Amino acid sequence: GAVVSQHPSRVICKSGTSVKIECRSLDFQATTMFWYRQFPKQSLMLMATSNEGSKATYEQGVEKDKFLINHASLTLSTLTVTSAHPEDSSFYICSASKGLAGGGEQFFGPGTRLTVL
Amino acid sequence: AQRVTQPEKLLSVFKGAPVELKCNYSYSGSPELFWYVQYSRQRLQLLLRHISRESIKGFTADLNKGETSFHLKKPFAQEEDSAMYYCALSAGGGNKLTFGTGTQLKVEL
């Protein structure tokens with residue numbers, strides 16, 4: 001159990017458009033979901049922490065108006081990259097946690113490759 | 001602020017040789033330390049955590065608070081151990097993870 005999916009796996013868009021990425025916990029309820037960004041051959045950088053029904057908490061340096069996060073249910077969180085530009089091209093990874101009941105372990109999605117032309 | 005350092009980007013060993021992937025951290029409180037692994041074309045997954053004090057796939061890691069280290073060890077490397085390994089730290093509430101830059105382990109025959 002504890003499977004996390006992401007959709008789409010890969011997206012190419014034009015500069016100035018918005019892109020939505022979905023993260024779903026398929027077989028458990030996720031009290032918290034996390035969004036990461038990973039540049040080539042670099043580590044995962046936490047962008048924001050999202051709790052169901054409340055506003056996301058963004059890490060320092062992450063523009064909340066640029067990266068809109070919605071956590072509408074215990075199984076779904078979405079990341080919308082608004083007015084995307086080429087520098088937003090990256091690998092975006094989400095993870096989901098069962099919270100303290102699950103020992104705090106994070107279960108990761110497969111990632112979404114965003115390319116902005 | 002917390003920080004995780006993995007000094008080696010690439011570690012190459014022969015099959016059957018011992019493996020040690022280094023991880024050092026900086027955090028003023030009591031951290032939780034994890035090792036995550038990413039096999040080729042697969043997603044990131046938890047390998048082990050320090051509070052469990054268990055051996056997974058022959059790997060162990062001991063938290064050394066004096067040296068602020070959490071090195072990952074395995075006595076005899078196997079070909080299937082080839083992967084990217086990330087050390088991560090969770091500090092405080094919320095289960096946020098701070099990742100190191102990762103070490104690519106390559107086990108050669």
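Bear in mind the structure is a predicted one, so any value in this text is a computation, not a measurement. Note: hydrogens, waters and symmetry copies are ignored here, and every other heavy atom, side chains too, is used. Below, read A as the first sequence line, B as the second, and so on, with proteins coming before strands; counting in each chain starts at 1.
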| said: Is A:Leu44 close to chain B through its backbone or its side chain, or both, or neither, when contacts mean heavy atoms under 4.5 Å? | reply: both
| said: Only heavy atoms, only distances under 4.5 angstrom. Which residues in residues 100-109 of chain B are near chain A? | reply: B:Gly100, B:Thr101
| request: Give, for atom CG of B:Leu97 and atom OG of A:Ser97, the distance between the pair rounded to the nearest 0.5 Å. | output: 9.0 Å
| query | B:Arg43 and A:Gly109: which non-hydrogen atoms are nearest, and at how many Å? | reply | CB-O, 3.7 Å
| query | Mind checking whether A:Phe28 and A:Leu74 sit in one hydrophobic cluster, side chains of I, L, V, M, F, W, Y counted as touching below 4.5 Å? | reply | no
| said: Give me each pair satisfying side chain to side chain donor-acceptor pair (under 3.5 Å) with a member in residues 6-20 of chain A, each pair once, sequence neighbours excluded. | reply: A:Gln6-A:Thr112, A:Ser15-A:His85
| When rounded to the nearest 0.5 angstrom, what is the spacing between OG1 in B:Thr98 and CE in A:Met45? | 8.5 Å
| Hydrophobic cluster identity match, A:Val4 and A:Trp35, side-chain contacts under 4.5 Å | no
| request: Over all heavy atoms of both residues, which pair between B:Leu44 and A:Phe108 is shortest? Give the atoms and the distance, please. | output: O-CB, 3.5 Å
| Any chain of hydrophobic side-chain contacts (each under 4.5 Å) joining A:Val19 to A:Ile93? | no
| task | Could you pull out the closest heavy-atom pair between A:Gln38 and B:Tyr86, with the gap in Å? | result | NE2-OH, 3.0 Å
| said: Working to the nearest 0.5 angstrom, can you tell me the gap between B:Lys96 NZ and A:Glu59 CD? | reply: 3.5 Å
| task | Enter the distance from B:Ser52:OG to A:Glu105:CD here, rounded to the nearest 0.5 Å. | result | 9.0 Å
